[in-house]
Amino acid sequence: GLSQFTKFRRVLDDATIAPASEPVFHQQFPGMDCVVHARPGFGLAIRMSSSRIFNYESLNNENLHGWFTGDGMTYLYHRDLTQFGEGFWPTVNPYRLPVTTVDTTVRANASGQEYLSPARWVGGASLEGTWGAVGFDLDAYNSTLVAKKSWFLFDDEIVCLGAGITCSGANRIETTMENRRLAGAGDAEFQINGAVMPTNHGSSNSTAAPWCWL
């Protein structure tokens, strides 16, 4: 199993590998509550936690805002292999990591690190080492937030689902579908419902967006 993961990392770190040589596999890592899905042109990893695996660790005064990295964070890699490099973590909003559902109550540095949730229903299944289904029972740290998150991983399509997302009280709950660092000049094309947005993105809200594309 680890040899497959090492192979996946080698592909991500070497932008000169020809597409024909890129691996095609789906690998579950139950000992780590992780999943890796690889295809020519892209790779995807899912990081979860459970009653067996800590949500995250903060050691030596590092990873102080890793609060939600074990709450189903999903890493999508394509030709921009630097997406989750050194420029990502200092600038990303740690409450809005890709494909996470979080309680946005303000957190202290390193709060909740090494939390083991009571949830055991975390993992998935692989079909012929090529396709997979993943399930994550979220029982959030220091919150009444619970949710059922699922991923279905096919050849060129990833389906992410959320159900039973509930939280008592007045806490604001947010689900983030994607949060990407804009590479290069930051002028990547962005569409909402087929309309091309200005290249100087800035910040804006849309209350009726069935789909968007970056």
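Side-chain atoms are counted along with the backbone in the values below, which use heavy atoms only and exclude waters and symmetry mates. Not measured: the values here are computed from a predicted model.
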### Within 6.0 Å of CG in Asn93, more than 12 heavy atoms from elsewhere
yes

### Message
Please verify the inter-ring angle class for Phe154 with Phe152; under 30° counts as parallel, over 60° as perpendicular, anything in between as tilted.
### Response
parallel

#### Entry: Check: Cys34 and Val36 side chains under 4.5 Å, non-hydrogen atoms
no

### Query
Considering all heavy atoms of both residues, which atom of Ser58 and which atom of Glu62 are nearest to each other, and what is their separation?
OG-O, 2.7 Å

### Message
Using side-chain heavy atoms (C-beta onward) and a distance below 4.5 Å, is Ile158 in contact with His37?
### Response
yes

### Message
Please determine whether a side-chain nitrogen of the Lys or Arg among Arg52 and Asp33 lies less than 4.0 Å from a carboxylate oxygen of the Asp or Glu.
### Response
yes

### Shortest non-hydrogen separation from Phe42 to Leu76 and the atoms involved
CD1-CD1, 4.0 Å

### Query
Taking side chain as C-beta onward, heavy atoms only, is Lys148 less than 4.5 Å from Asp137?
yes

### Minimal non-hydrogen separation, Glu57 against Gln113, with atom names
CA-OE1, 3.5 Å

### Task
Considering non-hydrogen atoms only, spot the tightest contact between Trp151 and Met48 and give its length.
CZ3-SD, 4.2 Å

### Pairs where residues 98-107 contributes a residue and the test side-chain hydrogen bond (donor to acceptor under 3.5 Å, both in side chains) is met, not counting sequence neighbours
Thr101-Lys149, Thr101-Thr175, Asp103-Thr105, Asp103-Ser143, Asp103-Asn171, Arg107-Ser111

### Query
Taking a hydrophobic cluster as the set of Ile, Leu, Val, Met, Phe, Trp and Tyr residues connected by side-chain heavy atoms closer than 4.5 Å, whether directly or through intermediates, do Met177 and Val92 fall within one such cluster?
no

### Message
Distance alone, cut at 3.5 Å: any donor-acceptor contact between the side chains of Asp80 and Thr82?
### Response
yes

#### Entry: Close side-chain approach of Val99 to Met73, heavy-atom, < 4.5 Å
no

## Note on the structure
Ser51 and Arg120 have their tightest heavy-atom pair at OG-CG, 3.3 Å

### Query
Considering the options Ile165, Asp71, Asp139, which one meets the side chain to side chain contact (heavy atoms under 4.5 Å, CB included) requirement together with Leu145?
Ile165

### Task
Taking the side chain as every heavy atom from C-beta outward, state whether His26 and Val35 have any atom pair closer than 4.5 Å.
yes

#### Entry: Audit row: Ile53, Arg47, side-chain contact (heavy atoms from CB on, under 4.5 Å) steps and yes/no
CA-CA 10 Å; Ile53 303 296; Arg47 167 75 171 85; 4.2 Å; yes

### CZ-CZ distance between Phe88 and Arg181, expressed to the nearest 0.5 angstrom
9.0 Å

## Note on the structure
For Asn55 and Glu114 the tightest heavy-atom approach is OD1-N, 3.4 Å

### Message
In the structure I gave you, are the side-chain heavy atoms of Val122 and Ser49 within less than 4.5 Å of one another anywhere?
### Response
no

### Message
Parallel, tilted or perpendicular, judged at 30° and 60°: which one describes the rings of Tyr115 and Tyr141?
### Response
perpendicular

### Message
side-chain contact (heavy atoms from CB on, under 4.5 Å) for Tyr95 and Val106? Distances and angles first, verdict last.
### Response
CA-CA 9 Å; Tyr95 293 88; Val106 175; 4.1 Å; yes

### Query
What's the verdict on side-chain contact (heavy atoms from CB on, under 4.5 Å) for Glu86 and Thr91, showing C-alpha distance, side-chain angles and the deciding distance?
CA-CA 9 Å; Glu86 293 182 358; Thr91 56; over 6 Å; no

### Query
Is the shortest heavy-atom distance from the side chain of Tyr75 to the side chain of Leu44 under 4.5 Å?
no

### Task
Give a yes-or-no answer on whether the side chains of Trp131 and Asp155 include a donor-acceptor pair shorter than 3.5 Å.
yes

